[in-house]
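For reference, the structure discussed in these notes is given below.
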Protein chains: 2
Amino acid sequence: MSELEEPRGGLAHRVPDLGALELLLAVARLGSLGRAARELGITQPAASSRVRSMERQLGVALVDRSPRGSRLTDAGALVTDWARRIVEAAEVFDVGAQALRDRRDSRLRVAASMTIAEYLLPGWLIALRAERPDTAVSLLAGNSTIVAERLLADEADLGFVEGPTVPAGLDAVVIAHDHLIVVTAPGHPWARRRRPLDAAELASTPLILREKGSGTRQVLESALGGLARPLIELSSTTAVKSSALSGAGPAVLSELALGEELSARRLVRIPVDGVRLRRALRAVWPTGHRPAGPARDLLGLTRGGTPAVD
Amino acid sequence: MSELEEPRGGLAHRVPDLGALELLLAVARLGSLGRAARELGITQPAASSRVRSMERQLGVALVDRSPRGSRLTDAGALVTDWARRIVEAAEVFDVGAQALRDRRDSRLRVAASMTIAEYLLPGWLIALRAERPDTAVSLLAGNSTIVAERLLADEADLGFVEGPTVPAGLDAVVIAHDHLIVVTAPGHPWARRRRPLDAAELASTPLILREKGSGTRQVLESALGGLARPLIELSSTTAVKSSALSGAGPAVLSELALGEELSARRLVRIPVDGVRLRRALRAVWPTGHRPAGPARDLLGLTRGGTPAVD
DNA sequence: ATGGGGACATAAGCTGGCGTTATGAGTGAG
DNA sequence: CTCACTCATAACGCCAGCTTATGTCCCCAT
């Protein structure tokens, strides 16, 4: 019948752009199109038209307009919550990308391992920006050696490394532990086990793993005593996750890489007994040069709001 | 010095749009601008220009171009992972919004409680689309009463409800449990406790809660034996989370609402002892009308890839 | 009751971003 | 040496979204 429109495009054609989503969040929060428009620095007609075209695009009424304000419809509330998650991911992107660009005016230069730079640092930077909006941060991502080099050459003010050892010449404090966990797709037999796995089972089962030499692989192998049987070897955490999601087999990866997948049961965590699958995450700085100023502020955030280290 | 550009706009001006992010992911996966362009159904010059303007916008080189392909730079890999999370959130938005619109041609009509519709269903629908791309789904979100009405009026094929009781006239199967958890900002004294909380402590401490009558509030109060002392009462899970993030106090909310906040330690989970803070999530259908066809497919996904119920 | 003010809608015009086609230039393989 | 592949550049067109200017509705205060 009415096969007039078959968008058949990428997501971008079916999902409103970030500006529209921000607008929707503002409308939800402020209860008025006009006020939301003002907050975003656009005019009221622009906001009106934008919300309208968003509704047209989605085929769903999002806001109830009235002569004295606008409130979300039920569907609008649902859509707004999904929108919020996009915007939050965009904030992470933004603060991360902003730190990546080399700025000469950075007041705080951070060097961090990949895992930390990817998963943890943006959150800290968002929190830091909330407290100290004027602190421009620059980020360099690399392995422990790189981080140490930068710090010792005074090209970074604060570093973050993962793994069992602290590079020479640096003082360190453990800020958290990264737990590796075993996951499978929900259909896998392990997902129905009642007893935790033990080391022997884990070592004797082919697993989806990062490549040999990677941080997570090292932790696993040292925990198992040198043995780990790869089912597939992949070069990024993301690839491991995708592979596990597709049901290829059990995977071992950092809990940091799992978000919704666990709570929505798209992946199932398999308990493991008697194997210490974790590694320390440490903040580091040149021996003696205890972090001060912005570095100290950031360090405070990483340690759970306790500003003093000591 | 060079204060030429101060974007000073919303996120939308600093974060590339979804089309650009999808393009970046395709380039990362395929190793070539041209191939990525083809996959997205645009021309190679369009892709080239888009990636270039994204690099200009971010001030970071993302891909190394060579006469025989393009690979991500180190910074590009990081940016791409952040981009992936935006795109994943956009997929959730897309599949959810698509289901919300009333389609006459829906092959599967679902009625679900808010929590399930918001957090769980999109993931299931993405999985369902992967297996049965032709299944058009429509979604109606509402409380248990609404869900039951729709099912009994044959206006929905499958329902999802949360809470201790199964509405009359429906058969049900428990598909999961929603665990309520107690969280605080990392700076809160509870975050440093070593012993789990007990019921008495929980009941005697003012908490950030949903309003009286809400599902999560009911679970908490029945678990505590009727008592719950609100510090603030808020009308959405999201508001509770924001409030907890800002350090207003301990909050009780569904683990489904927490994503990164926990693993990145922006919120800390406080263990609780001797209180059963969970509620069953159930799939429901009219007594006797065992789900078949698409409804059965979806039901299978919710139960961890086991297609057969029974 | 009557005007003022807030909220949203509509209309007309401009602009810029992104797309297209057409072409050029560099590299490696047969 | 030519083909096949990569990416870059140029010239042009379209449309989404912005703006300003106006209209309508409703509530409230005088």
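Here the structure is a predicted model, which is why all the values come from computation and not from measurement. Letters A, B, ... mirror the listed sequences (proteins, then strands); counts begin at 1. All values below come from the heavy atoms of this structure, side chains included, with hydrogens, waters and symmetry mates left out.
For C/dC8, one of the phosphate oxygens OP1 or OP2 lies less than 4.0 angstrom from a side-chain nitrogen or oxygen of A/S70. For D/dA8, the OP1/OP2 oxygens have a side-chain nitrogen or oxygen of B/S48 closer than 4.0 Å. Taking only side-chain nitrogens and oxygens, B/T43 comes nearer than 4.0 Å to OP1 or OP2 of C/dT20. Here A/S32 reaches the OP1 or OP2 of C/dC8: one of its side-chain N or O atoms lies under 4.0 Å away. A close approach under 4.0 Å does not occur between any side-chain nitrogen or oxygen of B/R65 and OP1 or OP2 of D/dT6.
Looking at B/S70, its side chain never comes within 3.5 Å of a backbone N or O of B/V63 through a donor-acceptor pair.
Per the geometry, CG belonging to B/L18 stands 18 Å off P belonging to C/dG17, to the nearest Å. The CZ atom of B/R35 sits 10 Å away from the C1' atom of D/dC5 (whole-angstrom rounding). Residue B/M54 contributes atom CE, which lies 16 Å from atom C1' of C/dG19 at whole-angstrom precision. When rounded to the nearest whole Å, the span between CG of B/D17 and P of C/dC18 equals 6 Å. In this entry the distance linking CD of A/E55 with P of C/dA9 reads 9 Å, nearest Å. Here the C1' atom of nucleotide C/dA7 and the CD atom of A/E39 are 17 Å apart, to the nearest Å. Atom CG in B/L33 sits roughly 12 Å away from atom P in D/dT9 (whole-Å rounding). Rounded to whole Å, the distance from CG on A/L23 to C1' on D/dA16 is 15 Å.
For CG of B/N143, the number of neighbouring non-hydrogen atoms (other residues, nucleotides, ligands) closer than 6.0 Å is greater than 12. For CG of A/D74, the number of neighbouring non-hydrogen atoms (other residues, nucleotides, ligands) closer than 6.0 Å is 12 at most. By the 6.0 Å contact criterion, CZ on A/R65 is enclosed, its count of non-hydrogen atoms from other residues, nucleotides or ligands being greater than 12. B/R217 CZ: more than 12 foreign heavy atoms inside a 6.0 Å radius.
Within the 4.0 angstrom heavy-atom criterion, no nucleotide atom of any strand lies near B/S49. If you check every strand for non-hydrogen atoms under 4.0 Å, B/D64 touches nothing. Using a 4.0 Å heavy-atom cutoff across all strands shown, B/R38 reaches sugar-phosphate atoms only and no base atom.
Side-chain N/O atoms of B/Q44 and base N/O atoms of D/dA8 include a donor-acceptor pair closer than 3.5 Å.
Picking from C/dA9, C/dC18, D/dT9 the nucleotide with the shortest atom distance to the side chain of A/R52 gives C/dA9. Closest contact between the side chain of A/I42 and the listed nucleotides D/dC7, D/dC26, D/dT19 involves D/dT19.
Mapped onto DNA chain D by nearest heavy atom, A/R50 and A/P67 fall at different nucleotides, with A/R50 at the one closer to the 5' end. Residues B/P45 and B/S53 each lie close to DNA chain C; by heavy-atom proximity, the contact nearer the 5' end of the strand is made by B/S53.
By the 30° and 60° cut-offs, the orientation of the rings of B/W124 relative to B/F160 is tilted.
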